[in-house]
Amino acid sequence: MTDYLSRLNPEQREAVETVDGPVLVLAGAGTGKTRVLTSRFAHILLTKRAFPNQVLAVTFTNKAAREMRERVAAILGHPAEGLWLGTFHALCARMLRRHAELVGLTSNFNILDTDDQLRLLKQVMEAARLDLKRFPPPALMAIIQRWKDRAITPDKITVAEDSDFANGQARTLYAAYQERLKTLNTVDFGDLLLHMTEILRTHPDVLAQYHRAFRYILVDEYQDTNLVQYLWLRLLAQGHKNICCVGDDDQSIYSWRGAEVENILRFEKDFPGAVLVKLEANYRSTAPILAAAAGLIAHNSGRHDKTLRSGKNDASGEKVQVIGLWDSDEEARMVGDRMENLRRDGHKLSEMAVLVRAGFQTRAFEERLITLGLPYRVVGGLRFYERAEIRDAIAYCRVLNQPADDLAFERIVNLPRRGVGEQALRAMHERSREAQIPLTAAAATLVAESGLRGKVRAEVGNLLDQFGQWRAALDRDGHVETVARMLDESGYTGMWKADKSPEAPGRLDNLKEMVRALVDYESLGAFLDHVSLVMDNEENADADKVNLMTMHGAKGLEFDTVFLPGWEDGLFPSQRSMDESGGKGLEEERRLAYVGLTRARKRSIISHAANRRIYANWQSNVPSRFIGELPETEIEVGGSQATKRPPSFTTAFPLVARSTYVAQPRVVASWEQPARAVATKKYAQGARVFHDKFGYGTVTSVEDDKLNIAFDKAGTKRVIDRFVTEAAQ
DNA sequence: AGTGGGACGCTTTTT
DNA sequence: GCGTCCCACT
């Protein structure tokens, strides 16, 4: 029973056994953060300090929550019941259902997804007669979200603090948006935290109730918390002060969505008497990888000082490779070739990953892997519940659950087609506004008073009747059967059955899958909560496939071999990030590089290309300044355009705008970039070339930009020169 | 009301 | 280079 303690090193053990009072665990990459968190949880339960329902454990992602639940159960030897373990949002939703009336909602409120948030805001802006071209709704959405991240309600924004969006109207629009949300009995993601924090702050009785309930609080990934999350935690922790936050300031990569590293840097001030435990023994990566990562991150300022040391007692290991290539195609070929070689040597594909800065970069690798016939998976694509048919079906469920959900009703009122066009919809909206009633109720009165045209009236009337019947059936027959019936009787599944497009059968399958998933929930409401808060990709991670993902997406994962392509200034570090957030942006990019590098257990291969096709055109690039920041002793340079060690940009050109340093050609020259300009790239007769579809071949003749090529496998073709590249050798 | 084509614009992501 | 979004046409 206590062997969970014996498996810990001394510092981990301290983090687990310092149970009372505030504790900050600074857990560097690969130092056993999850193990500490789960052991601590189990330790609290096993030493009888608290019952399972007296511990509040908070994570950011559902995946992390699930993992913690499983691992706690493994230590206990049985699944723990009644845990308050989940994401910030899921826990807040659970609390808010109990106190909804305090913020003018009822406990069956719906949670809007991002799409609905935007549509609602658009409506609010249209009502304010704003030109949506000049003032894009997504921009305002972002402003409002940042306010919510900082726990700022509309009444707290002074004129001076108002953003200059639409001549200082942002505050008013925000207030109007919040009003609309309340009328629709809905909340957006930000509201879950905002409302709960507001409630805890203004209702001491409610706060006291939670102080009694939670004796211990555990927080994962503390460096990613935003202000409102911090306030929520601080309020809850005031009771027993037993709060333990685990995180790593060096892995803070989400400031752009409101996370504030300052929270973790300030912990000891926020929680006086806090014990600080540093986990520095890394059990994941080889010594060179750790040393390279340490050298890199040392270029950041204002961090908690900590040094990762290898916990494995072996100084061996491959150096970090830095490969310079002519263009992005050659880069993709290099990665593919190396993967093939590794596989030939018995390495599993699932132990290899390509980590990119931005999603679009995966494409080049996908294409290459297809030609090579290497199976791959792209992590972080479209999720199940983001598919159109699932969102439609969910909209039906939302109306069933909560008739005041206008956004959901609007989505399905004409799906399948019921002849409800712009005019009919406008009439409903007008009535809804005049009578201050939800859209469904407005539609009902219009039907009753013949306020709609014949066919539309009959169809809408029928739909409303049906909703009445389904709602009655909900209690009688249960939610699974009722939803299945609703999707059939409404004509929604029929619509896809009649659809002749190739995707239609797949969509029908997805709908069946969704109905099947309903069985796992005790009620429709529980299912809807799950869908909006918890549902995520449940891909089979077992299949032996190469992983393609962003560095953000790779946080928390590890692989034997990690490819880090596209380390070029402007791409990584991203120009936009530096333009928008200056020095802070660059530091965050550097932390991202640190995260990427430390995903590797055995080897990491960084690469950069002199020329890259971004969207339609080619762009010349210079190796990333981060390459210059890697300690020379830990890296090995190679590739057709092997980097001569570049000057460290941070010291040579501290944070200058791109235009400034590009204007200094000597920088490029000193790096011995190839003299060839992209524009003059031409092929001579006899040149060996490579084509994405046709493979390798020899140029037989040249006419302007058209080449006749005898391909080794695909015969002779006439091809425009930009479709081929010079063969690698 | 429904569809087709042109204009646009394009980090990162969770909930 | 591609997907989407909106508007204009039928």
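Sequence lines set the chain letters: A, B, ... in the order given, protein chains first and strands last, and positions in each chain run from 1.
When the side-chain nitrogen and oxygen atoms of R417(A) are compared with OP1 and OP2 of dA1(B), none of them lie within a distance under 4.0 Å. Listed pair R576(A) / dT11(B) meets the phosphate criterion, a side-chain N or O lying under 4.0 Å from OP1 or OP2. Between K455(A) and dA1(B), a side-chain N or O to OP1/OP2 separation shorter than 4.0 Å is absent. Residue N62(A) has no polar side-chain atom (N or O) positioned under 4.0 Å from OP1 or OP2 of dT14(B). Contact annotation: T550(A) reaches the phosphate of dT13(B) (side-chain N/O to OP1 or OP2, under 4.0 Å).
For dC10(B), the base is not stacked against the aromatic ring of F360(A), per a cut-off of 5.5 Å between centres and 30° between planes.
At whole-Å resolution of the value, NE2 in H89(A) and P in dT14(B) are 12 Å apart. For the pair R66(A) CZ and dT14(B) P, the interatomic distance rounds to 13 Å; values are reported in whole Å. H530(A) has its NE2 atom 13 Å from the C1' atom of dT15(B), to the nearest Å. One can place CH2 of W256(A) at 8 Å from C1' of dT14(B), the figure rounded to the nearest angstrom. Note: CD (Q145(A)) to P (dT13(B)) measures 15 Å, nearest angstrom. N414(A) places its CG atom 11 Å from the P atom of dT3(B), with the value rounded to the nearest Å. The separation between M578(A) atom CE and dT12(B) atom P is 16 Å, rounded to whole Å. Rounded to an integer number of Å, the gap from CD of Q117(A) to P of dT14(B) is 15 Å.
A syn orientation is assigned to dT11(B), its glycosidic angle lying within 90° of 0.
Across dC6(C), dC2(C), dT11(B), the shortest atom-to-atom separation from the side chain of R363(A) is found for dC2(C). Distances from the side chain of T87(A) to the nucleotides dC6(C), dT11(B), dT15(B) place dT15(B) closest. Each of dT13(B), dT11(B), dT15(B) was ranked by its minimum atom distance to the side chain of F189(A); first place goes to dT15(B). Considering only the side chain of T61(A), dT15(B) comes nearest among dT12(B), dT15(B), dT13(B).
Contact annotation for E589(A): base contact, defined as any heavy-atom pair under 4.0 Å involving a base atom. R591(A) comes within 4.0 angstrom of nothing in the nucleic acid, heavy atoms only.
Surrounding CD of E126(A) are more than 12 heavy atoms belonging to other residues, nucleotides or ligands, all under 6.0 Å away.
Each of V420(A) and M551(A) lies near DNA chain B, and the nucleotide nearest V420(A) is the one positioned closer to the 5' end. Between G419(A) and S577(A), the residue anchored nearer the 5' end of DNA chain B, judged by the nucleotide with its closest heavy atom, is G419(A).
Under the 3.5 Å distance criterion, the side-chain polar atoms of D569(A) are left unmatched by any main-chain donor or acceptor of V622(A).
Between the side chains of Q223(A) and E260(A), no donor N or O sits under 3.5 Å from an acceptor N or O.
Between Y254(A) and H552(A), the ring planes lie tilted relative to each other; the angle falls in the 30° to 60° range.
A salt bridge links E588(A) to R591(A): at least one charged side-chain nitrogen sits closer than 4.0 Å to a carboxylate oxygen. By the 4.0 Å N-to-carboxylate-O rule, D113(A) lies close enough to R391(A) to be salt-bridged with it.
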